[in-house]
2 protein chains.
Amino acid sequence: MWSTFRGMVSSRPRQAPGRRPATDLGAIERAAFRLFAVRGFEETTVDAIAEAAGIGRRTLFRYYPSKNDIPWGQFEAGLAHLRAFLRATPLDIPVHRAVHQAVLDFNHLDEAAIPQHRERMRLLLTTPALQAHSALKYAAWRAVIADYTAERYGLSPHDLLPRTVGHVSLGMALSAYEQWLDTEDASLPALLDAALAGLRHHLCEEPA
Amino acid sequence: MWSTFRGMVSSRPRQAPGRRPATDLGAIERAAFRLFAVRGFEETTVDAIAEAAGIGRRTLFRYYPSKNDIPWGQFEAGLAHLRAFLRATPLDIPVHRAVHQAVLDFNHLDEAAIPQHRERMRLLLTTPALQAHSALKYAAWRAVIADYTAERYGLSPHDLLPRTVGHVSLGMALSAYEQWLDTEDASLPALLDAALAGLRHHLCEEPA
DNA sequence: TTCCTTTTTGGCCCTCGGTGTCATTAAGTA
DNA sequence: TACTTAATGACACCGAGGGCCAAAAAGGAA
């Protein structure tokens, strides 16, 4: 899962000259989430996060391009995993099934990671500034889906169908997440399945 | 169409006491778009827009809650129209058809309005800050679709299916718009139809 | 050890979007 | 003319973000 923090302070090949990074990405994220939980996202200043993490404000901005990026954690790594999952999918599996499986895999959670992921997603989906910023993250996610869909169908990623599949896959995932946050009981995979099943019924099994 | 500027300076019932508004919303929008076209959105400061419109910076912020809202024009009016269209749709029309017709109506353009609307959408869909801000506008649009879908299906607007229909309808519309901006030839209604047809084929007419 | 090089760090200062406050101005009414 | 109400915009302030650069912390070479 993309939200799981893994990886060291830096992946620079050891043996390099110069000062070694002393900044711990995980520590920044933890400090930030602690502050967000207490004071809320908008009310927490970047200065406060930097101070809580024991680093300079300028250093924080060297690790995160913006305050809005902090709650996203290692999202890029998650995208790479998503790409790899799709690349490894056998070609005899229909495209829509391949994409759905990839979405399920992308959003798979270990039991222990659920509470933190809930908190992260609650923050991302209910904070206006983050709802807005998320559009940029979503665009990269959609591109992964669109690229795969285009390749499987022999189209360009800029054609209509791949783009539509990207948008619609994201839409289903987001509606499942919103539902997941609203209800205590349902599981995320079940909601992702239900979103797809509901959409198919809505679009395809009604009188035209 | 929501993008068409109509309506007067203010809709306050005449006969009210106090100074009458001297600010012309249309003039602000025109001045802003002129600057955006020349310098780009990010490079145009709010001060520059206010000066070009001949008003104070503070006054501009009284008419637009943020710089990002300027390119959206009278979007709220468009939402009201969308709601009215759906309310007026006969109940014997299947939900998915009603929604699709509403989307077509919402995005209907008079021939003469096409160039300006292209420019507006190009700005909204290619400027990162606006892509992000759009998420908030889209949420309101989705809510209209979700509310209608919920009512027709006898569900709560917070149930999974209405939310999914909202997200997916938006996704199709956005992929159609992206395609529309990329190509010179295709018409917007044709692309909206094609997005829906493509999705149905992708999801429903393939081996399970 | 001392110098030299490389890289991280963070301090300083600036720009710009956005907001609260408040005096001023332009209306209508008594 | 005096009073009320509403729009305007000047001023001051805050926070995000970025450019610049000097100080720190590593390595290797003399």
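We name chains A, B, ... by the order of the sequence lines, and we start the count at 1 in each one. Computed from a prediction, not measured in an experiment: that's the story for all the values here.
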> Over how many whole Å does the gap from B/Ile55 atom CD1 to C/dA26 atom C1' extend?
Replying inline: 17 Å
>> OP1 or OP2 of C/dG10 versus the side-chain N and O atoms of A/Thr59: is any pair under 4.0 Å?
In response: yes
>> With hydrogens left out and only the distance checked, is there a donor-acceptor pair under 3.5 Å joining A/Arg57's side chain and the base of D/dG17?
In response: yes
> A/Phe41 has an atom CZ; how far is it from atom P of D/dG15, in whole Å?
Replying inline: 14 Å
>> Any heavy-atom pair between the side chains of A/Pro128 and A/Glu42 that's under 4.5 Å?
In response: yes
> Can you check the A/Glu43 CD to C/dG18 P distance for me, whole Å?
Replying inline: 17 Å
> Do B/Asn107 and B/Tyr177 have side-chain atoms, one donor and one acceptor, less than 3.5 Å apart?
Replying inline: yes
> Just to confirm, is there a sub-4.0 Å distance from OP1 or OP2 of C/dT8 to any side-chain nitrogen or oxygen of A/Thr23?
Replying inline: no
> Base, sugar-phosphate, or nothing for B/Thr45, non-hydrogen atoms under 4.0 angstrom?
Replying inline: sugar-phosphate
>> Quick check against the 3.5 Å criterion: does B/Ser175 have a side-chain atom that pairs as donor or acceptor with the backbone of B/Gly171?
In response: yes
>> On the side chain of A/Arg58, is there an atom forming a donor-acceptor pair with the base of D/dG17 - under 3.5 Å, no angle test?
In response: no
>> Using modelled atom types and a 3.5 Å cut-off, is there a donor and acceptor pairing between side-chain atoms of B/Arg83 and backbone atoms of B/Val144?
In response: no
> Start at the 5' end of DNA chain D and walk down; is the nucleotide closest to A/Arg62 or to A/Asp47 reached first?
Replying inline: A/Asp47
> Are B/Val103 and B/Trp141 close enough that some pair of their side-chain heavy atoms sits under 4.5 Å apart?
Replying inline: yes
> What is the distance from CG of A/Asp69 to C1' of D/dG18, rounded to the nearest Å?
Replying inline: 15 Å
> Donor-acceptor pair under 3.5 Å: do we get one between A/Arg19's side chain and the base of D/dG27?
Replying inline: no
> For the pair made of CG in B/Asn68 and P in C/dC16, what is the distance, rounded to whole Å?
Replying inline: 16 Å
> Between A/Phe61 (CZ) and D/dG18 (P), how many Å, whole number?
Replying inline: 7 Å
>> Could you tell me how far apart A/Ile70 (CD1) and D/dG15 (C1') are, to the nearest whole angstrom?
In response: 14 Å
>> When you measure from the side-chain N and O atoms of A/Tyr63 to the phosphate of C/dT9, is any distance below 4.0 Å, counting only OP1 and OP2?
In response: yes
>> In whole Å, I'd like the distance from the NZ atom of A/Lys67 to the C1' atom of C/dG18.
In response: 14 Å
> Under 4.0 Å: is that the gap between some side-chain N or O of B/Arg20 and OP1 or OP2 of C/dA27?
Replying inline: yes
